[in-house]
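Single-structure report; data block below.
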Amino acid sequence: AAVMDAKEKFMSHFSCDDVGDANEYIRNKVTRVDGTMKLTQPVLLQSFRDEFELPNEKPMTPATAGTVLTLGETLLREEDQSKYRSAVGKLIHVMKWSRPDCLNAVRELSRFMSKAGPAQLKAVYRTMNYCLATPNQGKLLKPKRHCDNPKHFKFTLHGTSDSDFAKDPIKRRSVSGRVTYLEDCPITTKSNMQNVTALSSCEAELYSATECAQDLMYEYRLLTEIGLQVQLPMILNVDNRGAIDLVNNWSSGGRTRHIECKQFYLRELKENKPQIIVLKYKPTNLNEADTLTKN
């Protein structure tokens, strides 16, 4: 009812028509089957073939496993550099809307928008070919529950975080990966280089978990501000027991004292009455955020 009221108010202010369910959204094809929604981008993928001279290959992964792109001595010509920027721009759109499995690969590629070399050009073509080889893959929104009365329904939010330690060979920064879900539908997927240099894998995992907790808190406040209820505590899955122990243990040794601010933020969320966030262990082989931190 609230949605229909908002729609009528909107249509009273603007000249527009109700044309039914959206079949396209921001260059995404929207497919609905049995209460699910899937986002794919076939037209944008076709432009990969039309605009770029891609090698004839069908890689199984977005990037070469175990590799990290670095700046080489040889740079691309300006013409090829422009082509590289165009390719990365298209991949950023694909990554953001329909292909979160390419997040880490595209994050790496986007670091060389002005100084790409032959290795980066080869890598961007590989990622494009991977998308072309898996055209039916897309972001699937499949809620685990449906509600008839949102005002009396408690929505579930949960997140999963991971970190790869000291991945950057120059600055030795770590990469954070995190996913948050609303009723099991992915609503944020992120992969980013951390702003600080972590001194251990445990510390890097703690930073990633804190970033995921911040995402969850934003989503929690957004839902509650529009009058919806959220089930507490929210679950945050982490695959590092040391990071979980740091949050659950109020004693801080000398080797971890420098990261107390991150610890206290998560501890306060855990100790709040009622509990807002609880950290739980999730093995790496089951941790979907792991794919956002490495090739």
Side-chain angles (χ1 to χ4, degrees), residues 143-145 147 150-165 173-290 292-293:
K144 65 179 181 180
R145 299 183 300 170
C147 69
K151 290 186 177 180
H152 302 288
F153 185 85
K154 288 193 174 181
F155 292 87
T156 59
L157 282 169
H158 77 273
T160 303
S161 70
D162 191 37
S163 174
D164 196 40
F165 178 57
R173 297 283 175 87
S174 303
V175 174
S176 291
R178 56 196 189 275
V179 189
T180 62
Y181 299 87
L182 172 62
E183 291 294 334
D184 280 0
C185 292
I187 51 177
T188 59
T189 49
K190 296 181 181 179
S191 174
N192 64 278
M193 193 77 72
Q194 294 180 359
N195 294 326
V196 296
T197 303
L199 302 184
S200 66
S201 59
C202 176
E203 183 180 341
E205 294 277 5
L206 183 64
Y207 290 149
S208 183
T210 303
E211 291 170 343
C212 190
Q214 290 173 315
D215 289 341
L216 286 171
M217 290 304 299
Y218 168 77
E219 292 148 9
Y220 168 76
R221 293 188 179 109
L222 180 62
L223 290 174
T224 54
E225 281 181 8
I226 62 176
L228 301 178
Q229 299 183 69
V230 176
Q231 179 69 49
L232 295 179
M234 297 180 287
I235 305 300
L236 174 52
N237 296 301
V238 182
D239 67 356
N240 185 282
R241 295 189 185 278
I244 296 174
D245 290 342
L246 277 176
V247 175
N248 291 331
N249 183 4
W250 278 94
S251 62
S252 178
R255 294 184 178 182
T256 60
R257 195 167 294 146
H258 63 289
I259 55 175
E260 274 191 340
C261 288
K262 297 288 184 183
Q263 288 175 248
F264 279 122
Y265 178 71
L266 286 174
R267 284 173 177 170
E268 287 172 359
L269 296 176
K270 180 184 74 73
E271 295 293 328
N272 188 79
K273 301 296 182 183
Q275 277 187 313
I276 298 177
I277 285 181
V278 172
L279 270 69
K280 290 190 175 182
Y281 178 73
K282 190 172 189 179
T284 299
N285 62 324
L286 300 177
N287 187 332
E288 62 273 27
D290 184 63
L292 307 180
T293 65

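Because the structure is predicted, anything quoted here is derived from the model rather than measured.
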Heavy-atom closest contact (Ala209 atom, Val238 atom, distance):
CB-CG2, 4.1 Å

Interatomic distance, Leu292 atom CG to Ser163 atom OG [nearest 0.5 angstrom]:
11.5 Å

Determine whether Cys212 and Thr160 make a side-chain contact, defined as any pair of heavy atoms from C-beta on separated by less than 4.5 Å.
no

When rounded to the nearest 0.5 Å, the distance separating CZ of Arg241 from SG of Cys202 is 13.0 Å

Validation row: Leu232, Tyr220 side chains within 4.5 angstrom (heavy atoms)
yes

Is there a donor in the side chain of Thr284 and an acceptor in the side chain of Asp239, or the other way round, less than 3.5 Å apart?
yes

Between the CG atom in Asp164 and the CD atom in Glu205, the distance rounded to the nearest 0.5 Å is 9.0 Å

Can you check whether Lys144's main-chain N or O pairs, donor with acceptor, with Glu183's side chain at less than 3.5 Å?
no

For a 4.5 angstrom cut-off between non-hydrogen side-chain atoms, does Gln194 reach Ser208?
yes

Only counting residues at least two apart or in another chain, list the ones meeting ring-ring contact (aromatic ring centres under 6.0 Å, His included) with Tyr181.
His158

Spatial distance of atom CG (Leu223) from atom CG (Leu228) [nearest 0.5 Å]
5.5 Å

So, the side chain of Asp162 versus the backbone of Glu288: is there a donor-acceptor pair under 3.5 Å, distance only?
no

Determine whether Asn237 and Leu286 satisfy the following criterion, side-chain contact (heavy atoms from CB on, under 4.5 Å), listing intermediate values before the conclusion.
CA-CA 10 Å; Asn237 296 301; Leu286 300 177; over 6 Å; no

Step by step, would you call Leu157 with Ile187 a side-chain contact (heavy atoms from CB on, under 4.5 Å)?
CA-CA 10 Å; Leu157 282 169; Ile187 51 177; 4.0 Å; yes

Of all heavy-atom pairs linking Ala198 and Phe165, the shortest is O-CE1, 3.4 Å

Determine whether a donor-acceptor pair (N or O, by modelled atom type, separation under 3.5 Å) exists between the side chain of Gln229 and the backbone of Lys151.
yes

Just by modelled atom types, is the Ala289 backbone N or O under 3.5 Å from a matching donor or acceptor in the Arg178 side chain?
no

If we ignore angles and hydrogens, is there a donor and acceptor under 3.5 Å between the side chains of Gln214 and Tyr218?
no

CG-OH distance between Asp245 and Tyr281, expressed to the nearest 0.5 angstrom
11.5 Å

Any side-chain heavy-atom pair of Met217 and Ile276 under 4.5 Å:
yes

Under 3.5 Å side-chain donor-acceptor pair for Thr156 and Gln231
no

Can you find a pair of side-chain heavy atoms, one from Glu219 and one from Leu182, that are under 4.5 Å apart?
no

